[in-house]
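First the structure, in the form of C-alpha cells, and then the observations on it.
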Amino acid sequence: MPSLTRRSMLAGLALTAAPARATEPVTLLIPFAAGGATDRLGRMIAPVLARALDAPVTVEVMPGETGQRAMRHLMAQPADGRTLIIGNPALFAFNPHLFAQLAYDPLADLAPIGLIATNPMVLLASATSGITDVAALRRRAQQGPLTIGSAGRGSALFMGGVMLMRALGDGGELVTYPGGGPALEDLQSGLLDVMVDQAITAIPATHLGARAIAVLHPHRLPELATVPTAAEAGLTLPNLAIWNILALRAGTPEPLIQRMARALEASLGDEMLARSLAADSVITPEGTEHGPAAAAALIRAEHARWGSFIRTARLQ
C-alpha cells in the first residue's frame, strides 16, 4: 500500500509539471480597447497560433487602466501556459514610470515569449480638417483650435500625442479616448483633427478617409511611399515604433515557455500572416530578435530608455 500511495503521488506531481495538452484552450488577453492596433494584431495572429499549438486560442479584450486590468487578471491565473498577453511599450516600459502605484512589475511578473512585430507610427489627419501636410498642420496649431487624439495616459497614442504637441510648440489640445479604436473612428468621421497611430491601423484608415501626412520612422513605409518621414517634413519628433511582445505570467514552467516560443516562431513563418502584416508595413523580427531572451532584453532596454524620457519630460 505505501508503494502504491507513493506512485500515485509521483504521478500527480508529474501531471502538475507536464506541459498543457495540445487540446487545452488558450486565452490571448488584449489589454487595450477593441478596434485598436493591439486588438487587430491579436486577432490576426490568434488563428495562426492556434494551428501551431493544435489548440483553440480565444481572444479576450480586457481594456482598462492602461493595461493594468488585464495584467491583474493574468497574474490571478495559474502559471500553466494557458493565458497569454500581448504587451507593448505602454504596458512594459511607459506604465512603470508614469504610475506611482502599479499593479505589476514588468521586469519581475512576466515570462516573455517573443517579439511578434514592430509597428511604425503614422501621423494622420482627418479628411475634413483641411490639414494636407505638416506645413498646414503647423498653421492650424498656431491659429487653433486643433484637436489631437489620445488614448489613456501611458498608452502609445498618449505618448505620440504628447510628442506631437511639444513639436508644435504646445499647440493643440489632447482629446482622450478609451483606446485607439474609438479615437480613429472620430478621426475618420471628422470629429477629431489629427492623431498619431500605429501603421497596422493607420494604413487601413487611409482607405476610409484619413490622410497620412508623416511617418515617425527613419525611412518611408512601402505602403505609404509618398508620405514623408517626420524629419523630411521638418517636424522634430523622436522615431516612435511600437513593438509587441507575447508573454506569460512569471513562474510558468520552462517547458511551457519553450513550447509557446516554438509556436510563435512557427506562426511568424506563416506566409499568409506575413503578407497581411507586410501590407500594413508591420516589421516582423529577424535573426537574433526571435525568442524569449531577446524579448526580455528588449523590455529591459526600453524600460530604461523610456524611464529616462518620462523623467526628463516630467510626465506622470
Side-chain angles (χ1 to χ4, degrees), residues 26-50 57-74 83-96 98 103-104 106 110 112-122 124 149-161 176-185 187 195-205 216 240-249 260 264 267-268 273 276-277 279-285 295 298-299 302-303 306:
V26 173
T27 299
L28 176 58
L29 296 176
I30 308 295
F32 306 110
T38 307
D39 180 48
R40 178 172 165 80
L41 180 62
R43 293 183 189 279
M44 289 172 75
I45 199 167
V48 189
L49 191 64
V57 176
T58 303
V59 173
E60 185 171 349
V61 180
M62 192 173 289
E65 305 170 73
T66 320
Q68 292 191 68
R69 178 174 172 237
M71 280 299 303
R72 279 197 295 268
H73 179 79
L74 174 69
T83 306
L84 292 159
I85 194 165
I86 290 184
N88 62 18
L91 198 66
F92 297 157
F94 300 164
N95 280 0
L98 289 170
Y104 64 95
L110 292 164
I113 296 302
L115 177 65
I116 304 172
T118 301
N119 275 298
M121 299 291 276
V122 178
L124 295 173
S150 167
R153 288 184 177 272
S155 69
L157 264 68
F158 169 77
M159 200 64 71
T176 302
Y177 289 81
L184 198 55
E185 288 177 5
L187 182 91
M195 66 183 287
V196 177
D197 195 19
Q198 298 181 52
I200 192 171
T201 40
I203 290 175
L216 281 62
L240 181 61
I242 305 303
W243 42 265
N244 299 269
I245 283 176
L246 197 65
L248 295 161
R249 57 159 288 187
M260 197 62 70
L264 176 59
S267 299
L268 292 175
L273 177 64
S276 297
L277 292 174
D280 290 334
S281 291
V282 176
I283 303 166
T284 50
L298 178 59
I299 291 173
E302 290 286 271
H303 184 281
W306 285 104

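Everything numeric in this text was worked out from a predicted model, so none of it was measured. When reading the values below, keep in mind they use all heavy atoms of this one structure, side chains included, and skip hydrogens, waters and symmetry mates.
- The CE atom of Met121 lies 8.0 Å from the CE atom of Met195; values are rounded to the nearest 0.5 Å.
- Taking all atoms of both residues into account, the shortest heavy-atom contact from Val59 to Gly42 is CG2-O, 4.1 Å.
- Shortest non-hydrogen contact noted between Phe32 and Thr38 is CD1-OG1, 3.6 Å.
- Separating the CG atom in Leu110 from the CD1 atom in Ile299 is a distance of 6.0 Å, to the nearest 0.5 Å.
- The shortest side-chain heavy-atom distance between Leu41 and Leu277 falls under the 4.5 Å cut-off.
- Contact check for Phe92 versus Leu298: no side-chain heavy atoms found under the 4.5 Å cut-off.
- Taking 4.5 Å as the limit, some side-chain heavy atom of Leu124 sits within range of a side-chain heavy atom of Leu184.
- Annotation: side chain of Met159 is in contact with side chain of Trp306 (closest heavy-atom distance under 4.5 Å).
- Counting only distance, with no hydrogens or angles, the side chain of Asn95 and the backbone of Thr66 share a donor-acceptor pair below 3.5 Å.
- Between the CE atom in Met260 and the CG atom in Leu246 there is a gap of 7.0 Å [rounded to 0.5 Å].
- Between atom CG of residue Asn119 and atom CG of residue Asp280 there is a gap of 8.0 Å, rounded to the nearest 0.5 Å.
- For Tyr104 (side chain) and Leu91 (main-chain N/O), a donor-acceptor pair under 3.5 Å exists by modelled atom type.
- The shortest non-hydrogen separation linking Pro182 to Gly179 is CD-O, 3.2 Å.
- Side chains of Arg72 and Glu65 form a contact here, defined as non-hydrogen atoms less than 4.5 Å apart.
- Pairing each heavy atom of Ala199 with each of Pro204, the nearest pair is O-CD, 3.9 Å.
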**Request:** Would you please test Ile245 and Ile116 for side chain to side chain contact (heavy atoms under 4.5 Å, CB included) and show each step?
**Result:** CA-CA 6 Å; Ile245 283 176; Ile116 304 172; over 6 Å; no
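- Looking at residues two or more places apart in sequence or on another chain, you find a side-chain contact (heavy atoms from CB on, under 4.5 Å) between Ile283 and Thr118, Pro120, His217.
- Not counting sequence neighbours, the partners of Arg43 by the salt bridge (charged side-chain N to carboxylate O under 4.0 Å, His left out) test are Asp39.
- Looking only at side-chain heavy atoms (C-beta outward), Thr83 and Glu60 stay at 4.5 Å or farther from each other.
- Within the 4.5 Å cutoff, no side-chain heavy atoms of Val26 are placed close to those of Leu49.
- Looking at Arg40, its side chain never comes within 3.5 Å of a backbone N or O of Thr201 through a donor-acceptor pair.
- Residues Ile85 and Ala70 come closest through the heavy atom pair CD1-CB, 4.0 Å.
- Put simply, OG on Ser276 and CD1 on Ile200 are 9.5 Å apart, with the number rounded to the nearest 0.5 Å.
- Side-chain atoms of Asp197 and Leu157, non-hydrogen and from C-beta on, do get closer than 4.5 Å to each other.
- Shortest non-hydrogen contact noted between Ile242 and Asn244 is O-ND2, 3.3 Å.
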